[in-house]
Amino acid sequence: MSYLKFDRRMMSNLDEALQREYIRTNRMGAYCCSSIVGCNTRKYHGVLVVPIPELSPNNHVLLSSLDLTIVQHGVPFNIGVHEYRDGSFSPKGHKYIREYNIDIASSTTYRVGGVVLRREFFFCHYEHRVIIKFTLLEAHSETTLRLSPLLAFRDVKMLTHRNDHINSEVRPCQQGISMCLYKGYPELYMQLSQPSDFVHEAYWNEQVAYFKERERGYEFTEDLYVPGYFEVKIEKGKPLYFSAGLSETDPLRLEQAFDAEVDVRIPRQDFRSCLLNAAQQFYYRPNPTDGYLLAGYPWFGVRARDLFVALPGCSIYSEAPERFYRIMDTMIPVFERYMSQVSVDPLVTHLTDPDVGLWALWSIQQYALHTGLEDARARYGSFVGKVIAYYQRNIHPSVRIDETGLLYTYSHDDKPLSWMDAKAPDGRAIIPRTGYLVELNALWYNALCFYSELMPAYKTLELEELCERVERNFCATFVNEHGYLYDSVCYGGVKDWSVRPNMIFAVSLPYSPLPRPVQRSVIEFVTRELRTPKGLRSLSPKSFGYEAHCSGTHAERERAYYNGSVWPWLLGPYLEAYIRLYGRAAISFAERTLVGMEEEVKEHGLGTISELFDGNPPYKSRGAISLAMNVGEILRSLKLLEIAKTKYNNTNPIIRYE
């Protein structure tokens with residue numbers, strides 16, 4: 001039975017179907033994305049969305065959609081779906097959908113009278129090309145397909161409107177056409193696997209609406225250029241292939257290219273295999289040597305902190321250690337150049353944040369737990385030492401070690417410094433976390449202890465004294481009389497009493513500066529006030545400023561991001577801490593918690609985990625379709641749970657791994 005399958009009832013209900021989105025990527029930064037009925041609901045959606053760095057740092061929508069019309073006895077049945085400014089939908093092709101399946105390829109089955117047609121597609125790996133396969137399953141008479149490309153040629157953060165500046169020239173190529181609407185853009189090649197007629201009847205499809213943009217308070221309508229349509233007969237037993245790409249291809253090889261993509265895909269058969277697929281989507285290789293993880297889709301680039309947090313789950317715990325090696329081999333020189341104050345790589349953002357170096361060491365620590373200290377020492381020991389020395393030299397632009405041994409952060413322009421980086425319209429941090437940050441210093445203590453373990457030959461009395469001083473002053477600074485940890489503490493005794501999830505890292509990291517009773521108390525606070533079925537709230541409902549819903553205008557969403565919204569990636573450290581403290585008793589609890597996330601892969605972003613959720617029931621998904629930290633940390637959580645089951649011989653699994 002298919003794991004990700006939706007029937008006619010679901011597909012005909014636009015209120016439900018439009019909330020579900022798919023994302024497919026090619027590991028080179030390009031993607032294909034839409035709702036499961038093919039109706040674009042965001043300006044980021046499109047059949048072919050590619051990076052064009054010469055024009056802007058964002059991706060660009062070239063082919064917005066490909067409308068399909070089935071013709072029988074001279075009668076056309078348009079099975080596309082578009083929403084318009086007045087809220088109407090036309091055409092209403094979703095009523096012809098009988099099934100949508102996403103186990104391997106994205107597959108939609110339509111029934112129009114006596115015609116049953118299946119549409120499947122793949123985004124080719126390491127090539128800016130999408131291939132769509134049409135298979136006629138049933139037909140009682142001659143059947144013709146019309147394929148109408150809707151072109152945008154724009155930045156994903158912009159919208160296009162009817163204008164007289166387009167280049168409407170249609171140039172022939174092998175069994176297809178090519179077009180380039182605006183200067184500076186690459187040529188778009190659209191080809192079919194068999195000869196067809198292209199009918200050049202150009203027009204603008206005006207006032208197409210994207211309700212997701214309307215909800216977010218942005219401009220939400222655009223006009224798309226339709227140069228005409230391809231018309232081709234289709235026969236049973238002879239699939240038709242359509243290709244859209246940035247280079248001309250051999251149409252006779254489209255079937256072979258499609259089948260090759262089938263062979264290398266991981267079938268989505270359960271929760272874990274869905275996450276393994278999602279982890280692959282973030283892998284980004286802009287050239288043959290470098291490797292990165294994109295922070296998420298559809299609008300994130302390479303963010304240093306997100307990369308290091310997500311890396312173990314998206315490589316080591318995804319059975320792809322080669323990704324870890326390639327990404328670390330790319331990122332270590334980038335961070336070393338930054339530490340040496342030589343340069344900052346423009347491709348990698350947030351590199352200057354105070355905690356990034358410590359997350360890099362945590363990622364290496366996870367690698368060491370997987371492969372052993374000897375291998376980690378040989379590969380990364382020198383880098384670990386350089387990062388520790390970098391913090392000790394006090395040359396980071398926004399963090400210093402003081403006499404306590406703790407790291408103290410400060411911002412000259414009130415910009416955000418931690419992962420809670422929401423900004424007001426003037427660029428100032430909505431949550432001004434400065435001073436001693438609880439998670440930063442938990443990471444610092446863990447890094448010092450890990451360095452002593454990894455490089456015993458470099459362990460000195462000075463390093464031992466620093467570890468002891470950090471441990472002692474961490475407790476004195478952050479532990480309060482109520483049994484949880486201050487989120488931050490500034491000079492002069494100003495303390496942030498907000499109950500936030502950042503304190504969980506003082507328990508979850510391999511080395512904790514807290515005594516065991518305090519660790520238990522922290523876990524109890526987090527469980528009672530922050531845990532939800534979708535992750536940990538960023539602020540307790542009992543704390544001042546709690547926002548239950550992350551919706552509305554840009555400013556309203558920024559205010560809610562870290563004042564109550566739920567972040568799934570925090571389940572990784574939370575469950576790690578819980579299993580460590582409670583052993584066998586934690587297994588069933590951890591499984592019940594992860595079951596809440598398994599439901600999500602069938603809801604918003606199919607087969608993946610959305611960026612965040614509302615803090616109150618029903619915990620509606622918000623933000624980006626897919627976030628690397630969420631996927632990586634839940635994959636790591638599944639592995640921690642699997643290890644715990646083996647250790648305690650648990651024989652009653654709720655979640656299946658294989």
Side-chain angles (χ1 to χ4, degrees), residues 295-296 300 303 305-306 309-310 350 353 355 359 409 416-424 428-435 437-440 442-443 478 484-488 495-508 522-552 554-577 593 596-597 600 604 609-624 627-630 632-634 637:
F300 290 119
R303 303 199 302 190
R305 181 189 299 106
D306 298 60
V309 171
H350 294 260
D353 288 353
D355 58 345
W359 278 117
T409 64
L417 296 175
S418 73
W419 75 277
M420 292 186 164
D421 57 358
K423 298 178 184 178
R428 295 173 180 266
I430 288 178
I431 304 170
R433 302 183 71 230
T434 56
L437 306 185
V438 65
E439 81 279 13
L440 178 66
L443 285 162
F478 292 107
Y484 69 97
L485 307 184
Y486 298 118
D487 193 57
S488 63
K495 303 176 177 66
D496 185 351
W497 291 79
S498 303
V499 177
R500 295 189 181 276
N502 300 304
M503 59 181 159
I504 194 63
F505 295 104
V507 185
S508 68
V522 168
I523 283 285
E524 289 168 5
F525 257 92
V526 171
T527 302
R528 185 168 61 247
E529 299 194 23
L530 301 177
R531 175 186 173 269
T532 75
K534 304 300 182 184
L536 300 188
R537 293 186 181 97
S538 48
L539 181 67
S540 167
K542 298 179 181 179
S543 295
F544 176 77
Y546 176 74
E547 298 274 351
H549 304 285
C550 187
S551 60
H554 178 74
E556 290 170 335
R557 296 195 312 275
E558 288 284 325
R559 189 168 62 246
Y561 278 139
Y562 305 110
N563 280 322
S565 295
V566 173
W567 293 83
W569 75 275
L570 294 170
L571 282 178
Y574 172 69
L575 293 178
E576 183 175 22
T593 300
M597 293 313 306
E600 179 56 24
H604 181 197
I609 306 296
S610 305
E611 182 181 3
L612 69 159
F613 297 81
D614 285 341
N616 281 10
Y619 307 110
K620 184 177 179 179
S621 59
R622 304 286 187 179
L627 194 74
M629 292 198 300
N630 291 346
E633 278 299 89
I634 293 173
S637 298

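Reckoned from all heavy atoms, side chains included, excluding hydrogens, waters and symmetry mates.
- No side-chain donor from either of Tyr574 and Thr593 sits under 3.5 Å from a side-chain acceptor of the other.
- Once rounded to the nearest 0.5 Å, the distance linking CG of Asp355 with CZ of Arg305 reads 4.0 Å.
- Side-chain rings of Trp567 and Trp419 approach one another, their centers coming within less than 6.0 Å.
- Judged by distance alone, the side chains of Ser637 and Glu576 never bring a donor and an acceptor atom under 3.5 Å apart.
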TODO: Could you walk me through whether Arg622 and Ser610 pass side chain to side chain contact (heavy atoms under 4.5 Å, CB included), step by step?
DONE: CA-CA 7 Å; Arg622 304 286 187 179; Ser610 305; over 6 Å; no
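- With a 6.0 Å cutoff to the six-membered ring centre and a 45° limit on the axis angle, Lys534 does not count as a cation-pi contact of Tyr619.
- Note on Arg433 versus Glu439: salt bridge recorded, some NZ/NE/NH1/NH2 to OD/OE distance being below 4.0 Å.
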Task: Phe300 and Leu627: CA distance, side-chain angles, deciding distance, side chain to side chain contact (heavy atoms under 4.5 Å, CB included) verdict - done: CA-CA 9 Å; Phe300 290 119; Leu627 194 74; 3.7 Å; yes
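- Glu633 places none of its side-chain heavy atoms less than 4.5 Å from the side chain of Leu571.
- Counted by atom type alone, Tyr562 and Asp421 present one or more donor-acceptor pairs between their side chains at under 3.5 Å.
- Looking at Leu530 and Ser540, their side chains come closer than 4.5 Å, going by heavy atoms from C-beta outward.
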Task: Residue pair Leu417, Asp353: steps toward the side chain to side chain contact (heavy atoms under 4.5 Å, CB included) verdict - done: CA-CA 6 Å; Leu417 296 175; Asp353 288 353; 5.6 Å; no
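- Residues passing the salt bridge (Lys or Arg N to Asp or Glu O under 4.0 Å) test with Arg559, sequence neighbours excluded: Glu547.
- A side-chain donor-acceptor contact under 3.5 Å links Asn563 and Arg500.
- Side-chain rings of Phe505 and Trp359 approach one another, their centers coming within less than 6.0 Å.
- For the pair Ser508 and Met503, the minimum side-chain heavy-atom distance is 4.5 Å or more.
- The closest side-chain heavy-atom distance from Arg531 to Leu536 is below 4.5 Å.
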- [ ] In sequence, state the C-alpha distance, the side-chain angles, and the governing distance for Glu600 and Phe613, and then conclude on side chain to side chain contact (heavy atoms under 4.5 Å, CB included).
- [x] CA-CA 11 Å; Glu600 179 56 24; Phe613 297 81; 3.3 Å; yes
